[in-house]
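Right, one structure below, let's go through it.
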Protein chains: 2
Amino acid sequence: MMEKKIIRSLRDIVGKENVYTENSDRITHSYDATQKSYLPDVVVYAHSAEQVSEVVKIADSLSIPLLPRGAGSGFTGGTLPVQGGIVLVLTRMNRILSIDTDNLIAVVEPGVVTSELQREVEKLGLFYPPDPASKDFCTLGGNVAECAGGPRCVKYGVTKDYILGLQVVTASGEIIRTGGKTLKNVVGYDLTKLFVGSEGTLGIVTEIVLKLLPKPEAKKTMLVQFETIDGAARAVADIIRAKIIPTTLEFLDAATIGCIRDISPIPLPDECRALLIIEVDGDSDVIEKQAARILDIIRPLGVLDTRIAETDAESEEIWEVRRKVSPSLRKVNPDKFNEDIVVPRSKVPDMITALEHLSEKYDVPIVNFGHAGDGNIHVNVMVDLAEDGMQEKVDMVMKEIFHAAVALEGSISGEHGIGISKMDYLGMEIDNSTLDYMRRIKRALDPNNTLNPGKIFESDVSG
Amino acid sequence: MMEKKIIRSLRDIVGKENVYTENSDRITHSYDATQKSYLPDVVVYAHSAEQVSEVVKIADSLSIPLLPRGAGSGFTGGTLPVQGGIVLVLTRMNRILSIDTDNLIAVVEPGVVTSELQREVEKLGLFYPPDPASKDFCTLGGNVAECAGGPRCVKYGVTKDYILGLQVVTASGEIIRTGGKTLKNVVGYDLTKLFVGSEGTLGIVTEIVLKLLPKPEAKKTMLVQFETIDGAARAVADIIRAKIIPTTLEFLDAATIGCIRDISPIPLPDECRALLIIEVDGDSDVIEKQAARILDIIRPLGVLDTRIAETDAESEEIWEVRRKVSPSLRKVNPDKFNEDIVVPRSKVPDMITALEHLSEKYDVPIVNFGHAGDGNIHVNVMVDLAEDGMQEKVDMVMKEIFHAAVALEGSISGEHGIGISKMDYLGMEIDNSTLDYMRRIKRALDPNNTLNPGKIFESDVSG
């Protein structure tokens, strides 16, 4: 337990009602979507950058670990208090400060929920593209910390591509500003992009300047059923090779389809061994042309059925198929180990082959779906941990999956970050010299290791 | 002069024929586009990352300043050997290593000239958007070092947005790799974007992985003459407000038009007080619609004449008007001080007003043109330094221009960087805490201050 004196200081900063020390409060802030759990000493809710600054100063001066936290929807343990300390929750800093339709920017606090911002800007004819699956509850601060992605990144890029500037509280409690409100800015080092994806280890984001786009005039959603996974993979490659970049190119493999067959709003026969959800957006005439060309391209590749949404409701029905996936996977086995590897688009078929081979070799079901258009595959190793030696088997499978991704010039994480889950595998992708370079930045900017300690590259890394 | 022993070591690394110590060689590598000049001790041409690494190791161990250099076309002195030392030229590392049409990426050495890459990828139906004015002679390595922009950035973004990965030689001579070949990658800190725009002060880029786009099907170029600068500025704002993002939105003010009137391929009458060059690209039907809408929007704003290019040759003729600008400015006065401030798009009219006011207040011609679509204005203070006290006057005007840009939530440099030219003004835009954060990164990654010393924030900074 934390000393009374420290608790009193925290209460002085944020008010008594924003400091939680009860067991129940600590437990509810002890886990994230990884379902691992570490108990913090105290939970503090901040309402301003100044409060964040004061809390950080206490933590830094007393060597107390400080864990910034949004909605806790991360998949790699980024917000978990693995060494105890203060969990600093930013969800009540949730104001949209401005939406500037002249300059196509928005300024928000970190606790704003992603889809809330999207709804608000869409009312004004604008568009914020990044769309992580958790967008209805995750926060923009968390999106910045992890550099969140989503299906639309094929065409529109990731969170990083939409962050123009930040207000950040540093490890010593100073409030700094990076970047600004202009698209061009080459004044000093780009601290903005350094903070994006740094998983709360370099500073705490307290304000975000976002770039917006005009809202596309129309979109067209298609669900295509394939006889083989090869056909679907070739379709992805051929569409890009034809110089068409759809908004989304989502794929589901046969095992995934098996999980949702009973509950899918659209019938998925046994012969359907792979699905693509293809969406194009933009000018209404152009998307008609693009859709027609896409259908021409994929026709020879073993297409069983094509459904083209004519209305928003029909489009939603297609996306409902995709949304059924995550909640259904546990039908295969009770325990899920999900990773989000990424390979160059053209290597998706090779990666799928490698995954099939590993599934056979280790006799474990591997269920794959995700963002084929940018090579980002959500790989789910489904097991029953109650079985003897299963954790060790999972560890071996995971390691081989990561090796395969890196061997194909890919990466061990496309969207979820490293956190604690992938720390041991970091050395597979990044050599020691480069890791040393990153560690030097961490030490220079957080010399007391106050901010989110024990994350990304704290432990030994080995190939 | 450099010790014979060191020269011998350098010759051992790159070969005798790639080490230049003659006065004439040193003089030709002593200046860049700022026309300031500092003599290096020796000039070395490298042909591989390994050679760069070995040269850096010598420099770092002996505390010799090392200045990476491409074409030397920079506008802020980024490559100037202000403290002498080794100028390391990378223009002979000029191979396009691969163009991958399946994954829309290219891998190049830093010495490749920007427009050469553009031509090569366009042959394959692909597109590399960043287009600095110097694209026919500047190098991609220099573009990365300065985060180059250009007219097309309004729609397509800057160099940073197209850099997926780098090979970099660090200050200690290690060869590291950052990022990779995938659009998504959240594995450790984003060193890639940290290097882009770091002006050669953190590492030397020896290989670049670039993101490409499909080449737009068609483009449409329009030259619009306005009665007033206000009309042109309002046109820019109204086009963006109508949710149209053209490829380029270039503007020329009355003073600029005056400089080119006699040599313009398109007649520009005295009544024309401002020009916009508007280009849209994409699907051929869409650009027809966009062009028509743009003309509707701007019609009430005092348009004198509109020329719409129907052929590539006519488009080239319009761009020729723009290209005449830089070589013609010295008609006004022999000495040019050009800056590339940037303000939020909607503040361009306010910035123009401020510049007119300063021109009157100090009785100096200020000639303005540039990328109005992203608020990036090339401001040229034209004087005759032979006049008494003129340099002091220029310094005062510059300071006021930067103050005005920052007061409008803008930046003192959109494309050109800080180098030595803007070092003294850095503190106007970036507060001391943030600067300290940047300096800590520099010290952590280049502890002996070997790489491009005396640049960006070496001197005292004051507001």
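In the text below, chain A, chain B and the rest are named by the order of the sequence lines, each starting its count at 1.
In this structure, A:I176 and B:S433 approach most closely via the heavy-atom pair CG2-CB, 3.6 Å. Of all non-hydrogen atoms in A:L426 and B:V187, the two that sit nearest each other are CD1-CG1, 3.2 Å.
Salt-bridge check for B:K289 with A:D285: passed, with a basic side-chain N closer than 4.0 Å to an acidic carboxylate O. Ion pairing of B:D431 with A:R177 is absent here, as no side-chain N (NZ or NE/NH1/NH2) approaches a carboxylate O to less than 4.0 Å.
Using a 4.5 Å heavy-atom threshold, the side chains of B:I441 and A:L445 count as touching. You'll find the side chain of B:I244 stays beyond 4.5 Å of the side chain of A:P214, heavy atoms only. The side-chain heavy atoms of A:K243 and B:L126, taken from C-beta on, include a pair separated by under 4.5 Å.
Between chain A and the options B:G203, B:A237, B:G125, heavy-atom pairs under 4.5 Å are most frequent for B:G125. Here B:T170 is the residue among B:D436, B:T170, B:V158, B:I105 with the most heavy-atom pairs under 4.5 Å with chain A. Considering only heavy-atom pairs separated by less than 4.5 Å from chain A, the leading option among B:L104, B:V196, B:D161 is B:L104. Of the listed residues (A:D100, A:L191, A:T178), the greatest number of heavy-atom pairs within a distance under 4.5 Å of chain B belongs to A:L191. Ranked by non-hydrogen atom pairs under 4.5 Å with chain B, the options A:G188, A:G180, A:G149 are led by A:G188. Between chain B and the residues A:Q290, A:K160, A:H371, the most heavy-atom pairs under 4.5 angstrom are made by A:K160.
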For this session: Give the C-alpha distance, both sets of side-chain angles, the deciding distance and a yes or no for side-chain contact (heavy atoms from CB on, under 4.5 Å) between B:D102 and A:I240.
Result: CA-CA 7 Å; B:D102 286 350; A:I240 302 286; over 6 Å; no
For this session: Show the numbers, then the answer: is there a side-chain contact (heavy atoms from CB on, under 4.5 Å) between A:L194 and B:K193?
Result: CA-CA 7 Å; A:L194 180 64; B:K193 309 280 188 198; over 6 Å; no
Problem set entry | Test side-chain contact (heavy atoms from CB on, under 4.5 Å) applied to B:T434 and A:E174, step by step | CA-CA 9 Å; B:T434 311; A:E174 285 183 293; over 6 Å; no
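With values rounded to the nearest 0.5 angstrom, B:S198 atom OG is found 10.0 Å from A:D190 atom CG. If you take OG1 on A:T182 and CD on B:E409, they are separated by 10.0 Å, rounding to the nearest 0.5 Å. Note: A:S413 OG to B:N185 CG = 8.0 Å, rounded to the nearest 0.5 Å.
Looking at B:S172, only its side chain comes within 4.5 Å of chain A, counting heavy atoms on both sides. For A:L124, the part lying near chain B is the backbone, with the side chain staying farther off; criterion is any non-hydrogen pair under 4.5 Å. If you measure heavy-atom distances from B:L202 to chain A, the contacts under 4.5 Å come from both the backbone and the side chain. Only the side chain of A:I430 comes within contact range of chain B, with at least one heavy atom under 4.5 Å from a heavy atom of that chain. Interface remark: B:E415 contributes backbone and side-chain atoms alike to the contact with chain A (heavy atom separation under 4.5 Å). Residue B:V168: no heavy atom, backbone or side chain, is found under 4.5 Å from chain A. A:P216 does not touch chain B: none of its heavy atoms, backbone or side chain, sits under 4.5 Å away.
Remark: B:R234 CZ is loosely packed, at most 12 non-hydrogen atoms of other residues, nucleotides or ligands lying under 6.0 Å away.
Side-chain contact, A:Y189 with B:T201: a donor N or O sits under 3.5 Å from an acceptor N or O.
One N or O on the side chain of A:R440 and one on the backbone of B:A444 form a donor-acceptor pair closer than 3.5 Å. Put simply, the side chain of B:R345 gets close to the backbone of A:N103: a donor and an acceptor are under 3.5 Å apart. Remark: side-chain polar atoms of B:K184 are not paired, donor with acceptor, to backbone N or O of A:V154 under 3.5 angstrom.
When the side-chain contact (heavy atoms from CB on, under 4.5 Å) test is applied to B:K211, the partners found at least two apart in sequence or on another chain are B:Y162, B:L164, B:L183, B:L213.
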